[in-house]
Amino acid sequence: MFENLGLEERLLKGVKAMGYTTPTPIQEKAIPVALEGKDIVGCAQTGTGKTAAFILPLLQRMGTQRGVKALVVTPTRELAGQIEDVARECTRFTGQKVTAVYGGVGYQPQKDKLRRGVDLLVATPGRLLDLQSRGDVDLSKVEVLVLDEADRMLDMGFWPDVKRIINLMPAKRQNLLFSATMSHQVLGVVGSTLNNPVRIDVAPSATPIEAIDQAVYPVGSTQKGDLLVRLLEERDLDRVLVFTRTKHRADRVCRTLSRKGINGVAIHSNRTQSQRQQALDGFKSGKYRVLVATDIVARGIDVDNISHVINFDLPNKAEDYVHRIGRTARAGNDGTALSFLASEEASSLREIEGLIGTTLRCEDVEGFDYDYRVVPSPDREATKVRKLVYNGGALSGKRKRGRKRPTRSMAGAR
Ligand code: AMP
């Protein structure tokens with residue numbers, strides 16, 4: 001019950017208007033602690049409801065004086081936009097002003113919005129520093145700082161910028177840090193930035209990974225496009241998110257799909273902000289059946305009802321596999337994650353299986369005219385689980401043996 005978390009009536013009305021009836025585990029745990037003014041380290045990934053978990057308490061706690069009183073720093077424009085949307089809805093009955101600033105779009109509209117007054121600012125690090133250095137934003141009144149997707153910000157090299165931003169704020173403030181993974185680097189940031197934080201993990205029993213049906217499709221690298229088309233033509237794949245290793249490959253996959261009359265669109269960092277937004281909106285509305293993405297922009301994409309994630313290429317980093325497949329099976333739905341496996345990706349597969357502690361089952365597509373491919377041995381075992389300092393709800397630290405599922409047609413190399 002949201003009513004039991006200590007939230008004011010005007011925020012509860014906003015929550016109700018958003019259609020939320022029951023708090024998610026991270027909301028249940030984080031909101032009362034944040035309302036007490038304590039620092040928090042939240043280990044949770046997108047899809048857990050973490051946005052409302054930090055937005056609602058900061059809206060309640062911030063004072064009424066003019067100026068930016070709460071700042072959310074997040075790594076990508078897409079996330080900034082999504083957080084702004086949630087914050088707008090939460091402030092529907094409070095009158096507080098919310099704005100997001102991020103790169104890739106013009107400065108002037110953002111400057112104008114800032115000049116009109118902002119209570120809660122959502123920002124990506126680079127654009128925020130630019131605006132600050134031009135005198136367009138004042139961070140000296142910030143009472144609550146949220147560092148969202150801290151692990152991603154570190155991965156993307158944003159930490160020096162974030163540190164500069166922190167130095168522009170009063171030392172006495174509340175800090176809320178959220179991260180899907182708790183690497184040593186993240187823990188280092190926690191130690192240097194937060195004040196005696198309360199650690200909140202979403203219950204491992206809620207692991208979304210368990211709700212995802214995962215399979216590997218061995219295929220030669222030159223036949224991946226054909227296999228994707230075949231799957232899309234033959235199977236009931238409704239709303240499909242395809243991951244490629246590079247932007248170039250994302251565009252190429254899209255071209256292959258359009259040649260076959262399949263509605264697809266690519267989203268990656270070479271595309272303009274408005275192209276990215278159009279792609280995302282088109283995918284959300286059902287105009288496009290397939291969204292082809294690279295890891296950086298796809299992280300945190302908030303689209304419900306993704307039925308299938310297809311790893312056209314396996315990710316370079318095993319952790320990205322978990323983030324990718326976590327885009328499906330959201331909000332209690334089931335989901336499917338299929339991974340194409342070329343022989344040169346065998347070591348990536350071993351790493352992924354090591355990380356998730358499961359041996360993934362292999363399948364092939366009946367009737368597909370495979371050239372050469374290498375099928376991993378069906379009785380292989382997951383390698384030793386890598387040391388995990390992670391518990392965002394998606395991974396379990398314990399080693400699990402491969403699930404006993406029927407393994408079809410392990411044809412081997414042909
Ligand atoms: P987040 O992890 O913040 O990106 O949220 C993931 C999705 O869950 C978003 O689409 C939210 O609108 C939705 N959501 C968050 N909290 C709740 C809730 N208590 N009940 C239902 N849906 C929620």
Side-chain angles (χ1 to χ4, degrees), residues 1-7 11-32 34-35 40-60 70 72-92 98 100 120 122 146-153 176-181 200-203 206-209 211-212 239 241 280-281 283-285 291 297-307 309 322-335 391-394:
M1 293 271 284
F2 275 102
E3 285 75 10
N4 300 338
L5 302 180
L7 291 168
L11 288 170
L12 289 173
K13 271 169 79 179
V15 166
K16 211 168 165 190
M18 283 153 74
Y20 298 175
T21 48
T22 320
T24 66
I26 188 86
Q27 290 162 358
E28 201 154 41
K29 289 180 188 175
I31 291 173
L35 284 175
I40 288 180
V41 179
C43 199
Q45 54 175 216
T46 305
T48 52
K50 70 181 163 78
T51 314
F54 60 73
I55 293 288
L56 289 166
L58 68 78
L59 291 174
Q60 181 153 330
V72 180
V73 184
T74 190
T76 67
R77 317 159 190 189
E78 280 76 16
L79 278 168
Q82 282 168 25
I83 296 167
E84 182 187 21
D85 291 346
V86 172
R88 278 259 150 74
E89 297 202 57
C90 291
T91 52
R92 201 156 141 188
V98 179
L120 164 58
V122 184
V146 179
L147 297 177
D148 181 45
E149 306 245 344
D151 51 350
R152 198 47 143 196
M153 290 204 276
L176 310 174
L177 178 146
F178 290 83
S179 187
T181 55
I200 295 177
D201 293 348
V202 290
T207 55
I209 210 161
I212 303 170
R239 195 176 293 211
L241 179 57
L280 206 53
D281 291 346
F283 184 57
K284 280 186 188 177
S285 70
L291 180 68
V297 284
R299 175 74 186 270
I301 284 179
D302 180 24
V303 182
D304 287 337
N305 305 326
I306 291 176
S307 63
V309 167
V322 180
H323 295 309
R324 286 178 177 192
I325 71 169
R327 305 296 97 231
T328 182
R330 304 274 292 271
N333 293 325
D334 283 346
N391 195 351

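All values derive from a computational prediction rather than experimental measurement. Remember, it's 1-based here, ligands and their atoms both numbered in the order they're listed.
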Would you mind running through ligand 1 and noting each atom that sits below 4.0 Å from a heavy atom of Thr51?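 Here the atoms of ligand 1 in question are 1 (P), 3 (O), 4 (O).
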Any atoms of ligand 1 less than 4.0 Å from a non-hydrogen atom of Thr24? List them with their elements.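 Those qualifying, in numeric order: 16 (N), 17 (C), 18 (C), 19 (N).
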Answer yes when Glu149 and Lys50 have at least one side-chain N-carboxylate O distance shorter than 4.0 Å, and no when they do not.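 The answer is yes: the pair qualifies as a salt bridge.
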Taking it one step at a time, do Thr48 and Thr24 satisfy side-chain contact (heavy atoms from CB on, under 4.5 Å)? CA-CA 7 Å; Thr48 52; Thr24 66; 5.6 Å; no
Which heavy atom of Ala34 sits nearest a heavy atom of Leu176, and at what distance?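 Reported closest heavy-atom pair: CB-CD2, 4.3 Å.
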Is a donor on one side and an acceptor on the other found under 3.5 Å between the side chain of Arg324 and the backbone of Val309?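 Not a single qualifying donor-acceptor pair exists.
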Using distance alone, decide if ligand 1 has a nitrogen or oxygen within less than 3.5 Å of any nitrogen or oxygen in Gln27.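 Yes, since at least one N or O of Gln27 sits under 3.5 Å from an N or O of ligand 1.
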Minimum non-hydrogen distance to atom 1 (P) of ligand 1, winning option of Gly49, Pro23, Ala53: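 Among Gly49, Pro23, Ala53, the closest heavy atom to atom 1 (P) of ligand 1 belongs to Gly49.
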Candidate with minimal heavy-atom separation from atom 21 (C) of ligand 1, of Tyr20, Phe2, Phe178, Phe54: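 Looking at heavy atoms only, Tyr20 sits closest to atom 21 (C) of ligand 1.
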Yes or no on side-chain contact (heavy atoms from CB on, under 4.5 Å) for Gln82 and Thr51, after CA distance, side-chain angles and deciding distance? CA-CA 9 Å; Gln82 282 168 25; Thr51 314; over 6 Å; no
Of the backbone atoms (N, CA, C, O) and the side-chain heavy atoms from C-beta on, which set of Met18 has a member under 4.0 Å from an atom of ligand 1: side chain, backbone, both, or neither?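 Neither part.
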Part of Thr22 within contact of ligand 1 (heavy atoms, under 4.0 Å):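 Within the 4.0 Å criterion, Thr22 contacts ligand 1 through backbone atoms alone.
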Can you classify the ring geometry of Phe178 versus Phe54 as parallel (below 30°), tilted (30 to 60°) or perpendicular (above 60°)?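 Answer is tilted, since the angle falls between 30° and 60°.
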